[in-house]
Amino acid sequence: MRRYVLARLAWAGPIVLAIVIVTFLIIHVVPGDPIQALVGDFPTPPGYAEQVRKDFGLDQPLATQLWLYLSNLAQGNLGFSFSNRQPVLGLVLDRAKYTLLLMIPALTFAAILGITMALAAAPRAGGLIDSGITALSVTGFSIPIFWLGQILVIAFAIQLPWLPAQGMVSARLSLEGWPWMRDVLWHMVLPVFSITIFYVAMVARVARASVLEALSQDFVLTARAKGLSQRTVLWQHVLPNAMIPVVTVIGYNFGHSLTGAILVETVFAWPGLGNLFITSIGNRDYPVLVGIFLVSAIAVVIANLITDILYAALDPRVRSSYGKNA
Amino acid sequence: MAPILEFDALRLAYRARGTVAYAMNDVSLVVGEGEAVGLVGESGSGKSTLARATLGLTPRRIATIESGRILIGGTDVTRFSEDQWQAMRGNPVAMVFQDPLSYLNPVMRVGKQIAESVRAHAPGLAVATRVVELLSLVKLPAAAADAYPHELSGGMRQRALLAVALGCEPKLLVADEPTTALDVTTQAEILALIRELRERLGMALLLISHDLGIVASACDRIYVMYAGHTVEWGATADVFQRPAHPYTVGLLKAAQAARNSEGRFATISGDPPNLSELSPGCPFTPRCPQARAECRESMPAPSPARNAGAQTLRCWAHR
Amino acid sequence: MPRFLQRFLAYRAGLAAGAYVALLALVALVTLVLPGVDPHQITDHAMVAPSAAHLLGTDELGRDMLTGILYGTQVSLAVGVSAALGATLLGVLLGAASGFYGGWLDLAVMRIAEMFQVVPSFILAAVIVALSGTGLTQVVLVIMLLAWPQIARITRGEVLRVKQLEFVDAVRCLGKREWEILAAEVVPNAMAPVLAAGTLVVAQAILLEASLSFLGLSSADIVSWGRMLNAGQRFLFNAWWMSVFPGLAIFLTVLAFNLLGDAVGSALNPRTVTR
């Protein structure tokens with residue numbers, strides 16, 4: 001297992017380096033003065049731009065600049081956001097918390113719902129649930145997620161005023177402790193639901209295929225021949241095997257789901273990365289945009305790593321291929 | 001005492017997308033308590049369908065029993081529901097399959113797969129102790145319990161699969177081509193193990209194989225199956241030394257030729273029949289050197305062989 | 001080809017999608033040449049709910065929603081099709097060379113493709129457009145940049161399969177040059193799955209363009225569905241029609257290209273059974 005983890009880490013290193021270089025290229029190759037990407041169009045104190053020019057060596061050769069960029073990043077210096085009066089890294093990480101607050105429940109629900117649907121559909125291929133999954137997955141791949149959010153707001157916050165449409169807490173109340181948490185949960189319902197619908201489509205399609213695949217395997221016959229109940233066969237034998245591709249798909253699509261969350265946030269004015277992203281576009285606060293890209297790209301690499309490790313944890317055959325007792 | 005397993009003129013059809021295959025057309029077979037019975041036939045003769053039918057494992061969506069009966073320990077199970085079948089599976093009837101790698105769950109430790117059998121059928125026993133006991137019964141080290149199937153050799157996997165079946169404490173073990181996926185040495189080991197276990201545990205055995213030698217070495221009585229019909233049955237010695245049905249005769253000749261590796265394999269000329277049509281006559285007629293007019297008309301009732309051993313067969317040439 | 005057509009026709013959802021796409025193309029053409037209609041025309045009837053005069057209502061400046069949506073077809077189709085064509089061309093070129101010649105070229109192309117598939121592509125696109133400007137050209141180029149790797153991977157796989165078929169050796173014996181074999185023999189035989197994937201890229205491109213416009217990363221002078229949704233977001237509480245209809249247009253169009261891509265894929269793949 002240790003050897004496997006090391007192998008995956010060895011894969012992640014160069015990818016992260018490549019991401020950093022791409023970011024560097026965006027700042028330098030994209031039309032316009034690189035100083036703009038590093039400082040932004042927001043009014044800054046006099047002399048700040050000169051300071052950045054010096055820090056990042058913008059008058060030096062490109063190779064030196066790359067080196068300076070790397071060493072600045074290594075120290076966590078992603079620049080300063082003047083519209084927020086905060087260093088970019090801290091700002092991005094702070095907002096990322098709130099984005100994860102939406103993503104984690106949404107992906108959990110999507111996984112549970114998708115697998116449950118697939119298990120329910122499995123006994124009758126071509127049946128009602130089965131066709132439902134197919135229709136749902138095509139829809140999920142085609143629907144603009146922000147529009148889905150808007151529709152839900154119109155339906156469940158405006159036409160039927162059941163749920164809050166905007167923000168993370170009720171602005172007029174000052175709550176603490178348990179009532180505050182309940183208020184936040186209340187605000188989470190619609191955005192989490194939007195992201196969930198979007199991702200159930202993805203999970204259900206893969207889960208359906210992998211449940212059917214697992215059901216057709218010979219070991220299912222052995223399990224039934226032992227006299228196990230259908231439920232035990234499904235939960236003990238089919239599910240653990242069907243889970244493997246599902247976990248892989250969820251993990252490898254972390255970047256995709258992050259994009260979904262960011263777009264949904266803008267509809268619900270949720271104070272996470274998406275909101276920071278759109279206000280930074282409005283403020284032309286470019287270092288924040290670049291920072292969000294960098295942090296989310298590295299988060300995706302980490303999610304990929306975690307997926308690989310989970311994959312090995314779920315499938316002993318993967319562990320073995322990297323040497324016994326590893 | 002009622003036999004542990006009985007097939008009585010069973011006909012089973014697979015239907016899918018407008019096509020039909022009569023995998024079992026007219027099968028009669030009896031396995032007594034503690035008896036070792038062999039079933040021989042070419043691939044496509046319906047023997048694997050028979051094996052699954054003993055546990056109600058033929059796929060319900062496409063398989064229907066059209067006539068005849070299956071009895072287990074005297075109980076008629078022909079029309080059993082999935083839930084009723086569940087009470088029959090493992091105990092009294094357990095099964096081992098052909099390819100031990102694909103028939104073991106790849107992501108579950110072997111010990112747990114054996115423990116499931118124990119828990120389902122002998123809930124009073126201490127599971128962990130029983131698993132070790134079963135492993136030593138099939139001559140696997142206790143450490144095998146912690147292994148995953150892919151970490152074991154082919155022979156060890158087949159032993160593990162045997163332990164899974166034995167954990168159910170069956171009165172009848174159905175073994176469907178249990179050695180086909182193994183090399184010759186391992187085959188002999190597994191066969192010896194099955195023989196030994198049968199004697200020690202006093203359970204009945206239904207051994208299904210295309211390999212005549214394997215069946216002959218392990219069974220008291222044998223059945224020969226052709227195109228969904230049981231065509232000849234009797235004591236192993238009778239059927240092998242003095243075969244009576246033209247199909248059995250041809251099958252033995254072909255096997256002998258293969259063993260002596262004479263330049264050309266002696267095979268039975270012609271192809272096995274199309275299983276999608278029901279014809280009233282004997283299915284072997286088109287390939288049979290002794291075919292006569294009535295062979296096309298009907299299948300004769302079972303009768304003793306003439307000028308052969310004490311076996312029974314269904315053949316007009318022996319009426 | 002008649003067999004392809006036969007299989008394609010058997011795929012009913014794909015057929016409907018094809019008809020819908022044809023209709024869109026017609027709408028785009030008609031709005032392009034039709035004189036005298038200005039989708040930007042401001043009237044006094046701001047935010048009027050759907051009625052006989054304005055079937056889909058009007059926006060905050062009194063512009064007719066239906067006219068806007070019809071004109072928005074131009075941008076979606078133009079961006080979708082040109083970005084997909086560009087990405088397919090780039091992907092086929094790089095993927096074919098990578099699969100055919102192998103070696104360091106293959107390694108480099110595949111590594112870069114892998115990296116593009118790891119990074120969150122929408123965020124990258126948004127950052128580049130925000131920095132470089134919101135013209136349609138930038139948007140098309142960015143989508144191309146993000147979409148070529150999937151085409152390259154598929155092309156490479158197909159080329160690897162085709163290049164070891166016997167007829168390639170036969171052609172080589174005729175004395176053709178390597179790049180001629182690649183261009184004239186191998187690539188044409190590897191095109192079937194690329195065609196299907198390219199159609200799916202159109203869907204992705206339309207969705208990506210709409211998402212960028214929704215975030216305000218598009219020119220305010222151009223009528224586009226995403227831009228309309230951006231306005232709809234601001235008036236969500238007052239004018240539901242400003243969000244519902246443009247979004248529906250995006251959804252149906254993306255759905256049509258997705259279904260079309262699936263249908264083309266199934267019809268070209270001899271292994272799939274037609275439904």
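Worth saying up front: this structure is predicted, and the values here are computed from it rather than measured. Here is how names work: the chains are called A, B, and so on, in the same order as the sequence lines, proteins then strands, and each is numbered from 1.
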>> Side chains of A/L221 and B/R52, heavy atoms from C-beta outward: is any pair under 4.5 Å?
In response: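 With C-beta onward as the side chain, the pair touches.
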Answer yes or no: are there more than 12 heavy-atom neighbours, outside [X] itself, under 6.0 Å from its atom [atom1]?
X: B/E82; atom1: CD; value: yes
X: B/Y14; atom1: OH; value: yes
X: B/Y148; atom1: OH; value: yes
X: A/R231; atom1: CZ; value: no
X: A/Y252; atom1: OH; value: yes
X: A/W11; atom1: CH2; value: yes

>> For chain B, which candidate among A/L314, A/V220, A/N241, A/T232 shows the most heavy-atom pairs at distances under 4.5 Å?
In response: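 The answer is A/N241.
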> Looking at A/S229, A/P240, A/A214, A/A225, which makes the most heavy-atom pairs under 4.5 Å with chain B?
Replying inline: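 The option with the most such pairs is A/A225.
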> Between A/T222 and B/Y103, is there a donor-acceptor pair closer than 3.5 Å when you use the side chain of the first and the backbone of the second?
Replying inline: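 It does hold such a pair.
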> Does the A/K226 side chain pair with the main chain of B/G167, one donor and one acceptor, at a distance under 3.5 Å?
Replying inline: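 Between the backbone of B/G167 and the side chain of A/K226 there is no qualifying donor-acceptor contact (under 3.5 Å).
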So which residue, [options], ends up with the most heavy-atom pairs under 4.5 Å with chain A?
options: B/R109, B/M95, B/Q113; answer: B/Q113
options: B/L104, B/L161, B/N105, B/D99; answer: B/N105
options: B/H121, B/M88, B/R119; answer: B/H121
options: B/A165, B/A120, B/G90; answer: B/G90

Closest contact, heavy atoms only, [X] versus [Y]:
X: B/M108; Y: A/Q236; value: CE-O, 3.6 Å
X: A/P316; Y: B/P106; value: CG-O, 3.4 Å
X: A/D315; Y: B/V107; value: OD1-CG1, 4.2 Å

> Run the side-chain contact (heavy atoms from CB on, under 4.5 Å) check on A/D218 and B/F97 step by step: do they pass?
Replying inline: CA-CA 9 Å; A/D218 293 335; B/F97 296 90; over 6 Å; no
